Structure formats: C-alpha cells, structure tokens
Amino acid sequence: AMKILRPEGLLEDPVVFNEYAILCELKVTLDSGEEVIIGFKGKLDNVTIDYEQNKVNLNDLKTSGKPVKFFMGNHVLVGEDKVWYDGSFQKYHYYRQMGVYLFLLQAAINQQSEQTFKYGANMVVVETVPNFQSKVYPVSNKLIKAGLDEFKRLLIILAEWKLQGLID
C-alpha cells in the first residue's frame, strides 16, 4: 500500500498530493434545455502524478471492521451455486465517489498541464481488527463509468429540485 501512496521514480519521484480539495461548479443541462449550476466539493485522499511514466493515480483510503477480502464484494459458494454478496464498495457506492473524483481530477489536471496522462484509481483498504491486513484494489473503468452514470442521475434530480425551489 505504501508503494502506491508514495511511489518512487527511476530518476525523479512522482509528485504526491494528500487531502487534495477540488471546489467547482457543475453545470447541469436538463432535457428541457434549462441549465442549473450546482456547487460541489471533493476531497481526494491521495493523488500521485508520475511524469516519467505519464501516469496519474487516484488513491482512496478506507478502513474496514471486516476482513479486507470482503471489501469489494465476493462470490460465496452456497451449496453448489456461487452467489454474489456486495461488499462495502457497493453498499456505500464508492464506485460513484471514485468516478466523480477521477472526473474532477482529470479536469483539474487538463487545466494545468498539456501533458497527456494515463489515469488509474485504487482503493487502499486497511482492516481495523486483527490481523490489521491491508489490500490495494484497482478500480476498473467499468466501475468508474457506473459511478459517473449514477452521479449524473443524482445531479439531474438535484437540478430539478433546485428549479422547483425545493433546495437552494
């Protein structure tokens, strides 16, 4: 886990940002053509920018009172059938958090740099119970996309509520 959070480079170490805040306004355009601005804040646990390899990693730290092997969900053998059980990643919609944060991070970096990067995202999970194991789970593009799709649906709901005067 520490190699992910504080990587080393061949000639130059990657730049590391911890607790990096992104404040922005998101413009939501509804099917009706109406546009609504929604303020948003994201606080990224750890970001590494490796200029040697043109690679940016978003790393989110999570603690778990359950064994880390259950965090991302698992297939469990029930009789002769494998049954899927959601983990904390699904239960708490962390795929949505990672999708949004990666989207915001790409936008922020694109404003600051003309360099083209490859992006990745990881969940760094640590048990809070003995044996205190840790595990790094890469987050797939499929999960990032699912998270962004869910976030988009929620933004549309917020924009509609804002237009109706239900929220400020």
Side-chain angles (χ1 to χ4, degrees), residues 1-28 37-75 84-155 158:
M2 293 310 293
K3 288 181 182 180
I4 295 288
L5 299 173
R6 291 192 199 131
E8 295 179 1
L10 183 61
L11 300 175
E12 183 180 336
D13 286 344
V15 178
V16 177
F17 297 93
N18 292 310
E19 296 187 359
Y20 186 81
I22 296 179
L23 305 168
C24 63
E25 291 181 329
L26 303 172
K27 180 169 60 172
V28 180
I37 304 296
I38 297 177
F40 190 83
K41 176 184 120 185
K43 192 169 187 187
L44 290 56
D45 288 342
N46 175 272
V47 175
T48 62
I49 303 175
D50 186 333
Y51 290 98
E52 290 179 342
Q53 296 186 35
N54 297 323
K55 178 84 173 149
V56 175
N57 273 322
L58 168 64
N59 302 301
D60 197 72
L61 291 89
K62 298 293 182 211
T63 56
S64 179
K66 297 177 183 173
V68 293
K69 66 181 179 181
F70 296 118
F71 184 81
M72 294 297 283
N74 253 323
H75 281 101
W84 177 262
Y85 284 94
D86 285 347
S88 296
F89 188 78
Q90 293 82 15
K91 181 178 179 182
Y92 299 109
H93 300 255
Y94 290 138
Y95 54 93
R96 182 178 64 217
Q97 174 192 347
M98 296 303 283
V100 172
Y101 284 5
L102 194 57
F103 171 78
L104 293 175
L105 179 60
Q106 287 176 327
I109 288 175
N110 287 341
Q111 281 189 337
Q112 301 296 319
S113 175
E114 292 183 19
Q115 189 168 346
T116 302
F117 292 99
K118 296 172 284 185
Y119 288 85
N122 300 296
M123 303 300 294
V124 180
V125 185
V126 179
E127 294 174 356
T128 59
V129 294
N131 293 330
F132 304 105
Q133 294 181 350
S134 61
K135 184 160 176 64
V136 176
Y137 290 102
V139 181
S140 70
N141 287 337
K142 180 181 174 183
L143 289 169
I144 296 293
K145 182 180 179 334
L148 283 171
D149 289 345
E150 184 174 295
F151 185 67
K152 181 181 175 183
R153 288 190 301 274
L154 293 172
L155 275 178
L158 282 175

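None of the values given here were measured: they were computed from a predicted structure.
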**Asked** For Phe117, does the CZ atom have more than 12 heavy-atom neighbours from other residues, nucleotides or ligands under 6.0 Å away?
**Response** yes
**Item:** Minimum heavy-atom distance Ala1-Val124, with the two atoms named
**Value:** CB-CG1, 3.7 Å
**Asked** Pick one: which of Val56, Leu58, Asn141 meets side-chain contact (heavy atoms from CB on, under 4.5 Å) with Tyr119?
**Response** Val56
**Message:** I need the Gln53 CD to Thr48 OG1 distance, nearest 0.5 Å.
**Reply:** 10.0 Å
**Prompt:** For the atom pair CG (Asp13) and CZ (Arg6), what is the distance rounded to the nearest 0.5 Å?
**Reply:** 11.5 Å
**Asked** Hey, what do you get for OH (Tyr101) to CZ (Arg96), rounding to the nearest 0.5 Å?
**Response** 10.5 Å
**Heavy-atom check, side chain of Leu158 versus side chain of Val28, under 4.5 Å** = no
**Item:** Any side-chain heavy-atom pair of Asn54 and Thr116 under 4.5 Å
**Value:** no
**Request:** Starting at CG of Leu61, measure out to CG of Leu5 and round the result to the nearest 0.5 Å.
**Result:** 5.0 Å
**Request:** Please round to the nearest 0.5 Å and tell me the distance separating atom CD1 of Ile4 and atom CG of Asn122.
**Result:** 5.0 Å
**Asked** Which pair of non-hydrogen atoms, one from Lys69 and one from Tyr137, has the smallest distance, and what is that distance?
**Response** CA-OH, 3.4 Å
**Request:** Taking all heavy atoms of Asn57 and all of Ala121, pick out the closest pair and write down the distance.
**Result:** OD1-N, 4.2 Å
**Message:** Whether the side chain of Glu52 engages the backbone of Leu10 through a donor-acceptor N/O pair (distance < 3.5 Å, no angle test) should be reported.
**Reply:** yes
**Heavy-atom side-chain proximity of Phe40 to Leu155 below 4.5 angstrom** = no
**Gln90 side chain reached by Trp84 side chain, heavy atoms, under 4.5 Å** = yes
**Among Tyr94, Tyr95, Phe89, the one residue meeting side-chain contact (heavy atoms from CB on, under 4.5 Å) with Val139** = Phe89
**Asked** Under the criterion side-chain contact (heavy atoms from CB on, under 4.5 Å), which of Leu104, Asn18, Ile22 is the partner of Leu44?
**Response** Ile22
**Request:** Could you pull out the closest heavy-atom pair between Val125 and Ser64, with the gap in Å?
**Result:** CG1-CB, 4.1 Å
**Request:** Take Asp149 and Arg153, measure what salt bridge (Lys or Arg N to Asp or Glu O under 4.0 Å) needs, and give me the verdict at the end.
**Result:** CA-CA 6 Å; Asp149 289 345; Arg153 288 190 301 274; 5.4 Å; no
**Asked** If you round to the nearest 0.5 Å, how far is CG of Leu143 from CE of Met72?
**Response** 6.0 Å
**Prompt:** Which atoms form the tightest heavy-atom contact between Pro7 and Val16, and what is the distance?
**Reply:** CD-CG2, 4.2 Å
**Lys62 to Met123 - nearest heavy-atom pair and separation** = CG-CE, 3.6 Å
